[in-house]
Engineer: 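Okay, here's the structure, questions in a sec.
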Amino acid sequence: IDTGSSYEEDVSAFDSKYERYAMACQTNSVISIRRVTDNAELMQLSGFTPPFGDNLKFSPDGRWLAVKYAANHEFDIWDLDRNQSAVHFHDRDCRTVDFSSDGRLAAIAFHNGIDTNHPIIIYDLVSGQTKLTFQHGSLPYSIKFRPNKNQLATSSSQSTEAQIWDLDSGTVVERLHHPDGLAEIA
């Protein structure tokens with residue numbers, strides 16, 4: 001996508017309908033939300049400290065945008081309907097994030113610093129409350145909500161199994177082994 005700008009920009013994420021995309025502008029600390037059809041800027045999110053990290057992701061319903069910025073280990077989830085941060089994690093290094101299919105919940109895996117047991121936080125974006133926190137134990141590589149169930153699948157590059165977690169109890173209800181190990185969960 002040619003933005004016609006002289007800034008160093010990367011197209012980082014598309015919404016689920018491929019109608020909008022988020023673009024992190026490394027030189028001016030802005031994330032631009034643009035329409036795909038005509039490249040029109042719909043909004044700007046500002047106040048970040050570049051460089052931006054590798055987590056920039058829309059929720060399935062397009063209301064929320066997860067933003068990792070790497071300079072000082074900051075992580076936000078923005079409410080795009082209100083053009084403001086819905087939740088901010090200071091000095092927390094987000095490894096990976098996923099949204100539930102209805103966009104209500106966010107699963108956020110942290111690592112490094114204070115997060116030595118690699119916690120996963122289930123955050124209710126509508127109520128603004130943490131629903132559950134559990135210790136994964138090993139560094140999660142990928143996390144994925146199970147559609148239509150109150151479960152979360154996790155994988156780790158340090159393990160040969162995927163774990164299925166029950167989100168009511170915070171316990172593992174199933175372990176899926178693979179002899180070569182698992183990284184990404186589809």
Side-chain angles (χ1 to χ4, degrees), residues 10 12-17 20-26 28-34 42-137 139-147 149-155 165-170 185:
D10 297 316
S12 300
F14 286 90
D15 69 8
S16 64
K17 296 178 182 178
R20 297 175 300 167
Y21 65 95
M23 179 176 52
C25 303
Q26 301 290 358
N28 66 359
S29 306
V30 170
I31 294 175
S32 178
I33 309 297
R34 294 176 176 265
L42 304 173
M43 73 174 59
Q44 279 191 1
L45 312 177
S46 60
F48 302 101
T49 305
F52 292 98
D54 55 357
N55 279 327
L56 194 63
K57 184 176 186 174
F58 282 95
S59 62
D61 62 1
R63 178 176 175 183
W64 312 100
L65 181 70
V67 179
K68 173 184 177 180
Y69 34 115
N72 48 3
H73 302 291
E74 303 287 321
F75 180 76
D76 283 289
I77 297 179
W78 279 75
D79 182 338
L80 298 179
D81 288 351
R82 296 187 175 142
N83 194 9
Q84 66 185 25
S85 177
V87 61
H88 173 78
F89 293 95
H90 174 72
D91 202 24
R92 303 285 298 270
D93 196 359
C94 175
R95 170 63 181 98
T96 185
V97 64
D98 193 38
F99 293 97
S100 60
S101 58
D102 64 0
R104 181 182 183 102
L105 301 176
I108 310 157
F110 293 105
H111 66 99
N112 297 335
I114 64 171
D115 298 314
T116 56
N117 287 323
H118 311 293
I120 296 176
I121 294 174
I122 308 301
Y123 193 84
D124 187 321
L125 294 161
V126 176
S127 73
Q129 300 291 318
T130 297
K131 177 180 175 180
L132 175 72
T133 300
F134 56 90
Q135 303 302 318
H136 192 262
L139 177 61
Y141 184 83
S142 179
I143 56 178
K144 192 67 83 171
F145 278 96
R146 191 169 184 179
K149 292 207 176 185
N150 200 27
Q151 295 179 333
L152 184 75
T154 66
S155 69
W165 296 79
D166 177 79
L167 298 182
D168 290 322
S169 66
I185 299 173

Engineer: Could you go through the side-chain contact (heavy atoms from CB on, under 4.5 Å) check for V97 and K68 one step at a time?
Structural biologist: CA-CA 10 Å; V97 64; K68 173 184 177 180; over 6 Å; no
Engineer: How far does CD1 of I143 sit from CD1 of I122, to the nearest 0.5 angstrom?
Structural biologist: 6.5 Å
Engineer: Check side chain to side chain donor-acceptor pair (under 3.5 Å) between N83 and all other residues, then give those that pass, not counting sequence neighbours.
Structural biologist: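 Applying side chain to side chain donor-acceptor pair (under 3.5 Å) to N83 gives none.
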Engineer: Checking W165 now: which residues fulfil ring-ring contact (aromatic ring centres under 6.0 Å, His included) with it, not counting sequence neighbours?
Structural biologist: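 Here the qualifying residues are F134, H136.
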Engineer: Say you draw a straight line from CD1 of I121 to CD1 of I108; how long is it, rounded to the nearest 0.5 Å?
Structural biologist: 6.0 Å
Engineer: Can you tell me how far the CG atom of L132 sits from the CG atom of L105, to the nearest 0.5 Å?
Structural biologist: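 One finds 10.0 Å between CG of L132 and CG of L105.
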Engineer: Tell me every residue that passes side chain to side chain contact (heavy atoms under 4.5 Å, CB included) with S101, counting only those two or more places apart in sequence or in another chain.
Structural biologist: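 With sequence neighbours excluded, S101 shows a side chain to side chain contact (heavy atoms under 4.5 Å, CB included) to no residue whatsoever.
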Engineer: Any side-chain heavy atom of L65 sitting closer than 4.5 Å to one from D15?
Structural biologist: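 Result no, sub-4.5 Å side-chain heavy-atom pair not found.
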Engineer: Minimum heavy-atom separation for V30 to S46, with atom names?
Structural biologist: CG2-CB, 4.3 Å
Engineer: Has R20 got a side-chain atom pairing as donor or acceptor with G62's backbone, closer than 3.5 angstrom?
Structural biologist: yes
Engineer: With sequence neighbours excluded, what pairs up with S85 under the side chain to side chain donor-acceptor pair (under 3.5 Å) test?
Structural biologist: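 So S85 forms a side chain to side chain donor-acceptor pair (under 3.5 Å) with D76.
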Engineer: S100: what forms a side chain to side chain donor-acceptor pair (under 3.5 Å) with it, not counting sequence neighbours?
Structural biologist: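 For S100, the residues satisfying side chain to side chain donor-acceptor pair (under 3.5 Å) (neighbours in sequence not counted) are D102.
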Engineer: Who passes salt bridge (charged side-chain N to carboxylate O under 4.0 Å, His left out) against D124, sequence neighbours left out?
Structural biologist: R104
Engineer: Between atom CZ of F14 and atom CE of M23, what is the distance when rounded to the nearest 0.5 Å?
Structural biologist: 10.5 Å
Engineer: Looking at CG of D98 and OG1 of T154, how far apart are the two atoms once the value is rounded to the nearest 0.5 Å?
Structural biologist: 12.0 Å
Engineer: Mind listing the closest non-hydrogen atom pair of W64 and A86 along with its distance?
Structural biologist: CZ3-CB, 3.6 Å
Engineer: May I ask you to decide if the ring planes of Y123 and F89 are parallel, tilted or perpendicular, using 30° and 60° as cut-offs?
Structural biologist: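 Perpendicular: the ring planes of Y123 and F89 meet at over 60°.
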Engineer: Check L125 against G103 and note the closest heavy-atom contact, atom names and distance.
Structural biologist: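 Closest heavy-atom pair between L125 and G103: CD1-O, 3.7 Å.
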Engineer: Could you tell me which residues satisfy side chain to side chain contact (heavy atoms under 4.5 Å, CB included) with Q151, sequence neighbours excluded, listed by chain and number?
Structural biologist: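 With sequence neighbours excluded, Q151 shows a side chain to side chain contact (heavy atoms under 4.5 Å, CB included) to R146, K149, I164, V173, given in chain and number order.
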Engineer: Which atom pair, heavy atoms only, marks the closest approach of P60 to F99?
Structural biologist: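 Answer, listing the atom of P60 first, then F99: CD-CB, 3.5 Å.
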Engineer: Could you list the residues that satisfy side chain to side chain contact (heavy atoms under 4.5 Å, CB included) with S16, not counting sequence neighbours?
Structural biologist: none
Engineer: Which heavy-atom pair separates T133 from T130 by the least distance, and what is that distance?
Structural biologist: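 Here T133 and T130 meet closest at OG1-CG2, 3.6 Å.
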Engineer: Kindly write out the residues that satisfy salt bridge (charged side-chain N to carboxylate O under 4.0 Å, His left out) with D81, not counting sequence neighbours, or none if the list is empty.
Structural biologist: R63
Engineer: Could you list all the salt bridge (Lys or Arg N to Asp or Glu O under 4.0 Å) pairs where at least one residue sits in residues 127-136, not counting sequence neighbours?
Structural biologist: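 Qualifying pairs, neighbours excluded: none.
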Engineer: Start with the C-alpha distance between L45 and L80, add both sets of side-chain angles, then the distance that settles side-chain contact (heavy atoms from CB on, under 4.5 Å), and finish with yes or no.
Structural biologist: CA-CA 9 Å; L45 312 177; L80 298 179; 4.1 Å; yes
Engineer: Measure across I77 and A106 and return the closest heavy-atom pair with its distance rounded to 0.1 Å.
Structural biologist: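 Heavy atoms of I77 and A106 come nearest at CD1-CB, 3.6 Å.
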